[in-house]
Protein chains: 2
Amino acid sequence: MDVTARPAAADCRAVSEILSRVGDKWTIQVVVALRLGALRFNGLKRQVGGISQQMLTRTLKTLERDGMIERTVHPSTPPQVEYRLTPLGHSLSETVRQLADWAAAHTENIWENRLRYDTDHP
Amino acid sequence: MDVTARPAAADCRAVSEILSRVGDKWTIQVVVALRLGALRFNGLKRQVGGISQQMLTRTLKTLERDGMIERTVHPSTPPQVEYRLTPLGHSLSETVRQLADWAAAHTENIWENRLRYDTDHP
DNA sequence: CGGTATCCCCTGAGATACTG
DNA sequence: CAGTATCTCAGGGGATACCG
């Protein structure tokens, strides 16, 4: 039996895990916002339009837990907290950019397909 | 094209749309199952372990609507329905494989990060 | 065999109010 | 400023039963 032909089920689950994380509503937008440099909480909130405080907190925590971003507290009044991508986070952002390129290249095509499908299937 | 620019918000939304579609629970597993060739409904159901009939139906319909797969009915008794990737679907599967490679390469690292984070944050 | 139609549950996500 | 704590709700996803 050739194990190299079809990806193992375990790999599939791992990929799904990553994708469902990356594919949630906010993760990518946060990562993209951080690609060009560190940002603070409210700066990030402004950059990622439409996100609620709570969802930003949750998304940041998850990303930090996975080692994608680093959280730095500068003790001062008012407190300053900086978020920046780790090397792992940067590498993710590069991979995501590939997918983004694919999406950008095919979005229009997909929309046409949907339109045609909806027209043909009343 | 200026690669250094920040992606437009519209692009971001398009990418998120694609990713949340691709990142759902079943889409990738279905696409991966079809990479090596066409399959029929129940063959697909066996290949993608744990999926319910309804979710398989929904996933296939969405993929068909987006033009990722093609559905062919062979009129016979019992009826035979074949699903296969379109060129667009194949191109998606290639892009996803990139992400899969990234995931495979970093999964262990991520798990270590989570473990450490959970240890450090009681 | 290849699906629909229902019902139900759980989680993702938002709104709001409060805190160090 | 940078969060935490609650409440709430829509919809993604599953189980089951039925249909051509």
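In this text, all values refer to a predicted model and were calculated from it rather than measured experimentally. Chain identifiers are assigned alphabetically (A, B, ...) following the order of the sequence lines, protein sequences preceding nucleic acid strands; residue numbering begins at 1 within each chain.
- Closest non-hydrogen pair, B:I18 versus A:A103, comes out as CG1-CB, 3.6 Å.
- Within the structure, salt bridge (Lys or Arg N to Asp or Glu O under 4.0 Å) pairs that include any residue of residues 72-82 of chain B comprise B:E82-B:R84 (at least two apart or interchain).
- Taking all atoms of both residues into account, the shortest heavy-atom contact from A:L39 to A:A33 is CD1-O, 3.6 Å.
- Evaluation of the ring pair (Phe, Tyr, Trp, His ring centres under 6.0 Å) rule for B:W102 yields B:H106 as partners, not counting sequence neighbours.
- DNA chain C lies under 4.0 Å from at least one heavy atom of each of the following residues of residues 54-74 of chain A: A:Q54, A:M55, A:R58.
- Sorted by first and then second residue, the side chain to side chain donor-acceptor pair (under 3.5 Å) pairs involving residues 67-81 of chain A (not counting sequence neighbours) are A:R71-A:Y83.
- B:V22 and B:I28 make their closest contact through O-CG1, 3.2 Å (heavy atoms, listed as atom of the first residue, atom of the second, distance).
- Contacts with DNA chain C (heavy atom under 4.0 Å) in residues 77-85 of chain B: B:P78, B:P79, B:Q80, B:V81, B:Y83, listed by number.
- Residue pairs that meet the ring-ring contact (aromatic ring centres under 6.0 Å, His included) test with at least one member in residues 15-49 of chain A, sequence neighbours left out, do not exist here.
- When all heavy atoms of B:G67 and A:N113 are compared, the closest pair comes out as CA-ND2, 3.6 Å.
- A nucleotide of DNA chain D counts as in contact with chain A when one of its atoms lies under 4.0 Å from a heavy atom; the first and last such, 5' to 3', are D:dC1 to D:dT6.
- Among residues two or more places apart in sequence or in another chain, the side chain to side chain contact (heavy atoms under 4.5 Å, CB included) test is passed with A:N42 by A:K45, A:R46.
- Applying the side-chain hydrogen bond (donor to acceptor under 3.5 Å, both in side chains) criterion to A:T27, with sequence neighbours excluded, gives A:D24.
- When rounded to the nearest whole Å, the span between NZ of A:K25 and C1' of C:dT11 equals 14 Å.
- The interatomic distance linking B:L44 (CG) with C:dC1 (C1') rounds to 14 Å, in whole Å.
- Legend: salt bridge (Lys or Arg N to Asp or Glu O under 4.0 Å) pairs involving residues 50-67 of chain A, not counting sequence neighbours, sorted by first then second residue: A:R21-A:D66, A:R65-B:D118, A:D66-B:R114.
- Rounded to 10°, the helix from C:dC1-D:dG20 to C:dG20-D:dC1 has 40° between the axis fitted to its first five pairs and the one fitted to its last five.
- Distance CD (A:Q53) to C1' (C:dA13): 15 Å, rounded to an integer number of Å.
- Legend: residues meeting salt bridge (Lys or Arg N to Asp or Glu O under 4.0 Å) with B:E94, ordered by chain and number and at least two apart, are B:R35, B:R97.
- Across all non-hydrogen atoms, the minimal contact from A:L60 to A:L44 is CD2-CD2, 3.7 Å.
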